[in-house]
Every structure is written in C-alpha cells, then in structure tokens.
Amino acid sequence: MSDSIERLYQAVIAAKDLDPATSRTARLFQRGPAKMAKKLAEEAIEVVIDAVSGKSDAVIRESADLFYNLAVLWASAGVKPEDVWREMERRERLLGIAEKLPKSPVKLPKPAPVPVVRRRIVALENRLRKR
Ligand SMILES: N=c1c2ncn([C@@H]3O[C@H](COP(=O)(O)OP(=O)(O)OP(=O)(O)O)[C@@H](O)[C@H]3O)c2ncn1[C@@H]1O[C@H](COP(=O)(O)O)[C@@H](O)[C@H]1O
C-alpha cells in the first residue's frame with residue numbers, strides 16, 4: 001500500500017505546477033492549504049457516512065479520494081510519505097515493547113498486616129489518677 005501512496009504522492013508533486021484549468025491538483029495548490037484541508041475533511045466525512053451506511057464499495061472509492069487529498073495536503077505541508085512511515089514504525093516499536101509488559105496493572109503482593117500496638121493509654125491514665 002505504501003508504494004501506491006508514494007506513487008500517488010509523486011504524481012501530486014509532478015502535477016502541482018500544471019495548469020489549474022486542467023489539473024485538479026494544480027487547482028488545489030492554487031487555492032491553498034485551507035481548500036486542501038476542506039477537501040480532505042469532506043472526503044473523511046464521506047468515508048465515515050458510507051461506512052456507517054454499510055456501503056463498502058463507496059468506502060473504497062472515497063478512501064482513494066481521501067488518500068489523494070491527504071497526499072495533496074502532505075505535499076503542501078512539506079511532509080513526505082516516508083516521514084509518516086517512520087513515525088508509524090516508531091510507534092510500532094514502542095507498542096512492541098509495551099506488548100511485553102503485563103497487560104493488567106502489576107499486582108504487587110499485599111504487604112503483611114502491621115500489628116497495631118495499642119498504647120495502653122487508658123491503663124496509664126488510671127495509674128496516674130491513683131497516685
Ligand atoms: N489520484 C487522484 C485523485 N483521486 C481523487 N481525485 C479527485 O478528487 C475528487 C474527490 O472527489 P470529490 O467528490 O470530492 O470531488 P467532486 O465532488 O467530484 O469535485 P470537487 O467538488 O472536489 O471539485 C474527485 O473529483 C477526483 O477526480 C483525484 N485527482 C487526481 N488524482 C491523481 O493526481 C495526479 C494529478 O492529476 P491532476 O490533478 O488531474 O493533474 C494524477 O496521477 C491523478 O491520477
């Protein structure tokens with residue numbers, strides 16, 4: 001999958017300086033990051049709506065549009081696909097370590113009950129009173 005996204009990203013980079021009249025990508029670059037972000041958000045919502053409606057084919061189509069608009073926003077923000085893959089690999093390494101930790105909170109052995117030494121205050125007070 002990452003190969004497809006990397007090819008798409010390269011295609012976006014190649015198209016960004018084309019004629020906006022004929023290239024959607026060039027048009028998005030001409031209109032700027034706010035428009036790119038709006039389109040990305042719209043695609044994300046379309047994926048959500050189709051997924052909730054159980055329309056798997058539409059989810060596939062809209063996901064491809066989502067990846068396209070994400071690649072456009074990445075390019076505009078100076079983010080490369082490998083930057084994202086590196087972050088994902090870092091998280092995977094961390095999770096891998098975490099997976100070796102016990103999932104439940106570590107159960108410490110209950111400390112032995114400390115015998116409560118009841119100060120014989122009452123007896124002492126009685127003794128003092130008798131003096
Ligand atoms: N991968 C894509 C790609 N995926 C989705 N889209 C466009 O993104 C739009 C997303 O769907 P929308 O429903 O939001 O769009 P729309 O409602 O039809 O029209 P708008 O309201 O968005 O203007 C679709 O119209 C698609 O044409 C893409 N447009 C271009 N590419 C690739 O980007 C490269 C550059 O192409 P140009 O931008 O045409 O130069 C090429 O390799 C293209 O294959």
Side-chain angles (χ1 to χ4, degrees):
M1 176 182 96
S2 58
D3 288 350
S4 304
I5 293 177
E6 283 165 1
R7 282 197 305 276
L8 171 58
Y9 181 84
Q10 291 308 325
V12 162
I13 294 291
K16 69 186 181 69
D17 299 320
L18 295 178
D19 178 1
T22 54
S23 163
R24 163 183 296 279
T25 304
R27 196 158 53 250
L28 283 172
F29 270 85
Q30 184 183 55
R31 300 179 73 174
K35 178 66 175 174
M36 296 170 182
K38 181 172 178 291
K39 291 308 295 175
L40 179 59
E42 284 173 3
E43 293 306 333
I45 291 167
E46 287 177 34
V47 169
V48 166
I49 291 169
D50 289 330
V52 168
S53 312
K55 297 176 184 168
S56 306
D57 288 347
V59 170
I60 292 166
R61 288 193 304 275
E62 296 302 340
S63 297
D65 286 343
L66 180 68
F67 277 130
Y68 164 71
N69 284 283
L70 181 60
V72 170
L73 198 67
W74 282 353
S76 168
V79 170
K80 296 185 178 66
E82 54 267 29
D83 298 332
V84 179
W85 309 155
R86 201 176 307 115
E87 171 60 15
M88 291 168 71
E89 284 159 12
R90 184 183 73 85
R91 293 178 185 192
E92 189 179 353
R93 282 197 301 278
L94 284 178
L95 279 176
I97 292 170
E99 287 304 312
K100 293 184 177 54
L101 295 176
K103 293 218 188 317
S104 59
V106 179
K107 289 187 174 55
L108 296 171
K110 282 206 169 85
V114 177
V116 177
V117 179
R118 291 192 177 287
R119 299 169 60 81
R120 299 182 185 286
I121 296 172
V122 174
L124 181 60
E125 280 173 351
N126 290 342
R127 201 178 306 148
L128 289 174
R129 262 195 224 112
K130 286 174 185 161
R131 284 184 179 179

Fill in: In one Ile/Leu/Val/Met/Phe/Trp/Tyr side-chain cluster, 4.5 Å: V47, I45
no
Worksheet item: Does D17 have any side-chain contact (heavy atoms from CB on, under 4.5 Å) partners at least two apart in sequence or in another chain, and if so, which?
Response: none
Worksheet entry | Close side-chain approach of T25 to L18, heavy-atom, < 4.5 Å | no
Item to complete: Test W85 against E6 for side-chain contact (heavy atoms from CB on, under 4.5 Å), laying out the working first.
Response: CA-CA 11 Å; W85 309 155; E6 283 165 1; 2.5 Å; yes
Item to complete: Would you check if F29 and M36 make a side-chain contact, meaning some heavy-atom pair closer than 4.5 Å?
Response: yes
Worksheet item: So how far is it from R93 CZ to M88 CE, rounded to the nearest 0.5 Å?
Response: 12.5 Å
Practice prompt. Working to the nearest 0.5 Å, report the span between CG of D65 and CD of E62.
Written response: 5.0 Å
Fill in: Spacing of E46 atom CD and R61 atom CZ [to the nearest 0.5 Å]
10.5 Å
Worksheet item: Salt bridge or not for R86 and D83, using N-O below 4.0 Å?
Response: yes
Worksheet item: Within a strict 4.5 Å, meaning less than it, do heavy atoms of the L28 and Y68 side chains meet?
Response: yes
Worksheet item: When rounded to the nearest 0.5 angstrom, what distance separates CG in N69 from NZ in K38?
Response: 11.0 Å
Item to complete: Determine, using the 4.5 Å side-chain heavy-atom cutoff (strictly less than), whether I60 and L40 are members of one ILVMFWY cluster.
Response: no
Worksheet item: Do K80 and Y9 come close enough that some side-chain heavy atom pair is under 4.5 Å?
Response: yes
Worksheet item: Looking at residues at least two apart in the chain, or sitting in another chain, which of them share a side-chain hydrogen bond (donor to acceptor under 3.5 Å, both in side chains) with K39?
Response: E42
Worksheet item: Any sub-3.5 Å donor-acceptor pair from S53's side-chain atoms to I49's backbone N or O?
Response: yes
Fill in: Cluster check L70, V84: I/L/V/M/F/W/Y, side chain < 4.5 angstrom
yes
Response to the item:
Here the gap from S76 atom OG to K16 atom NZ, rounded to the nearest 0.5 Å, amounts to 9.0 Å
Worksheet item: Between V12 and W74, is any pair of side-chain heavy atoms under 4.5 Å apart?
Response: no
Worksheet entry | S23 side chain to P20 backbone, donor-acceptor under 3.5 Å | no
Worksheet item: Under a 4.0 Å N-O cut-off, is there an ion pair linking R90 with E87?
Response: yes
Discussion item. Let me confirm one number: the CG-CD1 distance from L8 to I13, rounded to the nearest 0.5 Å.
Written reply: 10.5 Å
